[in-house]
Amino acid sequence: QVVLVESGGGLVQAGGSLRLSCAASGRTFSSYAMGWFRQAPGKEREFVAAISRSGHSTIYGDSVKGRFTISRDNAKNTVYLQMNSLKPEDTAVYYCAAGRGTYQAMGDPATYDSAVDYWGKGTLVTVSS
């Protein structure tokens, strides 16, 4: 069992930055691919970013490429999402995810449901115009 707790959400103006953190319980953090997803009001959950177990490989959703960066610290059981150049359309609840499968599978809409084994409860990010 892995418990994921997100933090770092809040209200920010367009063009600003935020860093989300996701702390994971347990001793097997490094055995999971990690990812971030988001869900805006009235919309489906959307893939944001994923990172391999080692942290050496990453993948991003098209809407955030070049603006967001995912990273992880296996010694601290934590994954991060640095969000820069935020836009009002980035407003959403951001969810942390852990999966025993590949990080690439998290980025594939056809497979991400089965690729994620654990979800956090989410943290709200609001970007004002």
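Atoms considered below: every heavy atom in the structure, side chains included; atoms not considered: hydrogens, waters and symmetry mates.
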Donor-acceptor check, side chain of [X] to backbone of [Y], threshold 3.5 angstrom: yes or no?
X	Y	answer
T111	A105	yes
T91	T126	no
S25	V3	yes
R67	S85	yes
Q13	S128	no

- request: Of all the heavy-atom pairs spanning V125 and G9, show the shortest one and how long it is.
  value: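 Taking every non-hydrogen atom into account, CG2-CA, 4.1 Å.
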message: For A33 versus G101, what's the shortest heavy-atom pair and its separation?
response: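 That would be CB-O, 3.7 Å.
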If we only count heavy atoms from C-beta on, is the [X] to [Y] side-chain gap below 4.5 Å?
X	Y	result
T123	V93	no
S30	R53	no
F68	V48	yes
D117	V2	no
F47	P109	no
C96	V79	yes

field: Joint hydrophobic cluster, M106 plus Y60, side-chain heavy atoms closer than 4.5 Å
entry: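 Hydrophobic grouping puts M106 apart from Y60.
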query: Can you hop from Y118 to V116 via hydrophobic side chains spaced under 4.5 Å?
result: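 Y118 does not cluster with V116.
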query: Cut-off 3.5 Å, side chains only: do R72 and Y32 have a donor facing an acceptor?
result: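 No, no side-chain donor-acceptor pair sits under 3.5 Å.
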task: Report yes or no: do N84 and S17 form a side-chain donor-acceptor pair below 3.5 Å?
output: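 Judged by distance alone, the side chains do pair up.
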Between [atom1] on residue [X] and [atom2] on residue [Y], distance to nearest 0.5 Å:
X	Y	atom1	atom2	value
R19	T69	CZ	OG1	11.5 Å
S114	R100	OG	CZ	13.0 Å
T78	L20	OG1	CG	12.5 Å
Q104	I59	CD	CD1	6.5 Å
I70	S57	CD1	OG	11.5 Å

Under 3.5 Å, which donor-acceptor pairs do the side chains of residues 35-42 form with other protein atoms, sequence neighbours left out?
unit_1, atom_1, unit_2, atom_2, d
W36, NE1, Y80, O, 3.4
R38, NE, E46, OE1, 2.8
R38, NH1, D90, OD1, 2.9
R38, NH1, Y94, OH, 2.9
R38, NH2, E46, OE1, 3.4
R38, NH2, S63, OG, 3.2
Q39, NE2, K43, O, 3.0

- prompt: For L4 and M34, what are the C-alpha separation, side-chain angles and deciding distance, and is it a side-chain contact (heavy atoms from CB on, under 4.5 Å)?
  reply: CA-CA 10 Å; L4 304 174; M34 299 297 297; 4.0 Å; yes
message: Checking Y95 now: which residues fulfil ring-ring contact (aromatic ring centres under 6.0 Å, His included) with it, not counting sequence neighbours?
response: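 For Y95 there are no ring-ring contact (aromatic ring centres under 6.0 Å, His included) partners, ignoring immediate neighbours.
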query: Got a sec, which residues hit salt bridge (Lys or Arg N to Asp or Glu O under 4.0 Å) with D113, two or more places apart in sequence or on another chain?
result: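 Listed in chain order: nothing, the list is empty.
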